[in-house]
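Structure record follows, encoded as structure tokens.
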Amino acid sequence: MAVLELSTVIDNIHDLPSLPAVVMSLLNLVDQDDADISVLAEKVSQDLALTAKTLRLANSAFFVTRVKVTTIQQAITLLGFQHVRTMIIMAALTGCFPERTCPGFDHKQFWEHSTAAATAAGILARHIGMQADIAVTAALLHDIGRLVLVTCFPQDYAAALAYRQQHDCTMLEAEVAIFGIDHAAAGALLATNWQFSDVMRLAIEGHHAPDRPGAGFLAALVHIANAIVHQLASTEEGQQASSAVSQTAWTALNLDDDVYAGLCQRTQQSIDRQRGAQNG
């Protein structure tokens, strides 16, 4: 099986468009309590394309409201700053990663998983008394490396999906077989190129390996949030849930079976409420 050169992957990452400046501001302000919402709303509103995409999301099945949202400020008032920040980031990323033909890759499913992981991360962060915004944002972005590989190499990623089926292995193993790196490493390369904070980059890079030296606490939290969502999806589909949860992350967050079960239940309830709003 031919493996792409790492330099080829890096060159294609450099060719991706940059995030709008206002989105970088949002990412850099996630751990600050004094963010001026009105100023950020005004900045977003000055980017007409980003505003249009954000408002389209605000009125979509992802974020249902009882009234039509027509301005960023109104979206913040109705949905809260955290939800609107999520929408702005998603809207910006869809502009950087347009959907291309990659047989077997479902962009809608990708965002459903990412937003569910963000929900779980927020619940987990509040449980341990941590600032929730940075956890939510890191979880939303944790699989961004998949979008990098799918966008830059759609046919190669289709080959990775086929490799996974043929060899009954994990997606990480299939990605390494085809690309030489997995999506966590690709996400870290993008985070470096886009000048994300070190904390955010380490969380993206380490969400599958939080026991790696220097991965950081946020990587452990995102790892657990990701595990919760995968377990809920496996249970929902009648499959056996994955047990590959890092003991390092488990210990770092001071979890036990009862606490974990409670976090899973609260996450499922939150996801169900979102689905109920979409179907109501």
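Throughout, residue positions are numbered sequentially from 1 according to the sequence presented. Below, each value reflects all heavy atoms present in this structure, side chains not excepted, and no hydrogens, waters or symmetry copies.
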Item to check | Any residue meeting salt bridge (charged side-chain N to carboxylate O under 4.0 Å, His left out) with Arg201, in chain and number order, not counting sequence neighbours | outcome: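 Salt bridge (charged side-chain N to carboxylate O under 4.0 Å, His left out) list for Arg201, sorted by chain: Asp198, Glu205.
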
Taking every non-hydrogen atom, the tightest pair across [X] and [Y]:
| X | Y | answer |
| --- | --- | --- |
| Ala209 | Ala215 | O-CB, 4.0 Å |
| Val245 | Ala227 | CG2-CB, 3.9 Å |
| Ala41 | Ile76 | CB-CD1, 3.8 Å |
| Leu19 | Cys96 | CD2-SG, 3.9 Å |
| Ser270 | Thr119 | OG-CG2, 3.3 Å |
| Leu140 | Trp111 | CD1-CZ3, 4.1 Å |

Checklist entry - Shared ILVMFWY cluster between Leu147 and Leu172, side chains joined below 4.5 angstrom? => result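 The answer is no; the residues belong to distinct hydrophobic clusters.
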
Item to check | Side-chain H-bond candidate by donor/acceptor type, His142 with His223, under 3.5 Å | outcome: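 Checked: His142/His223 side chains show no N/O donor-acceptor pair below 3.5 Å.
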
Checklist entry - So His107 and Phe105, would you call those rings parallel, tilted or perpendicular, with 30° and 60° as cut-offs? => result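 Geometry flag for Phe105 against His107: perpendicular rings.
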
How about [atom1] on [X], more than 12 heavy atoms from neighbouring residues, nucleotides or ligands closer than 6.0 Å, or not?
| X | atom1 | value |
| --- | --- | --- |
| Asn254 | CG | no |
| Gln269 | CD | yes |
| Asp256 | CG | yes |

Checklist entry - Hey, is Glu175 close enough to Arg164 for a salt bridge, meaning N to O under 4.0 Å? => result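 No, this pair does not count.
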
Checklist entry - With no hydrogens and no angle check, is any side-chain donor or acceptor of Asp182 less than 3.5 Å from a backbone partner on Val176? => result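 Here the side-chain-to-backbone pair does not exist.
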
Item to check | Donor-acceptor under 3.5 Å (Gln165 side chain, Ala162 main chain) | outcome: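 Not at all, since once roles are kept as given, no pair shorter than 3.5 Å links the two residues.
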
Checklist entry - After noting the C-alpha distance and the side-chain angles of Thr8 and Phe153, does the key distance pass the side-chain contact (heavy atoms from CB on, under 4.5 Å) rule? => result CA-CA 10 Å; Thr8 302; Phe153 310 101; 4.0 Å; yes

Item to check | Residue pairs, two or more places apart or on separate chains, that pass ring-ring contact (aromatic ring centres under 6.0 Å, His included) and touch residues 118-140 | outcome: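 Of all non-adjacent pairs touching residues 118-140, none passes ring-ring contact (aromatic ring centres under 6.0 Å, His included).
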
Next on the checklist: The test is side-chain contact (heavy atoms from CB on, under 4.5 Å); show your working for His208 and Met171 and say whether it passes.
Outcome noted: CA-CA 12 Å; His208 281 295; Met171 199 63 228; over 6 Å; no

Next on the checklist: Checking Phe217 now: which residues fulfil ring pair (Phe, Tyr, Trp, His ring centres under 6.0 Å) with it, not counting sequence neighbours?
Outcome noted: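 Listed in chain order: nothing, the list is empty.
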
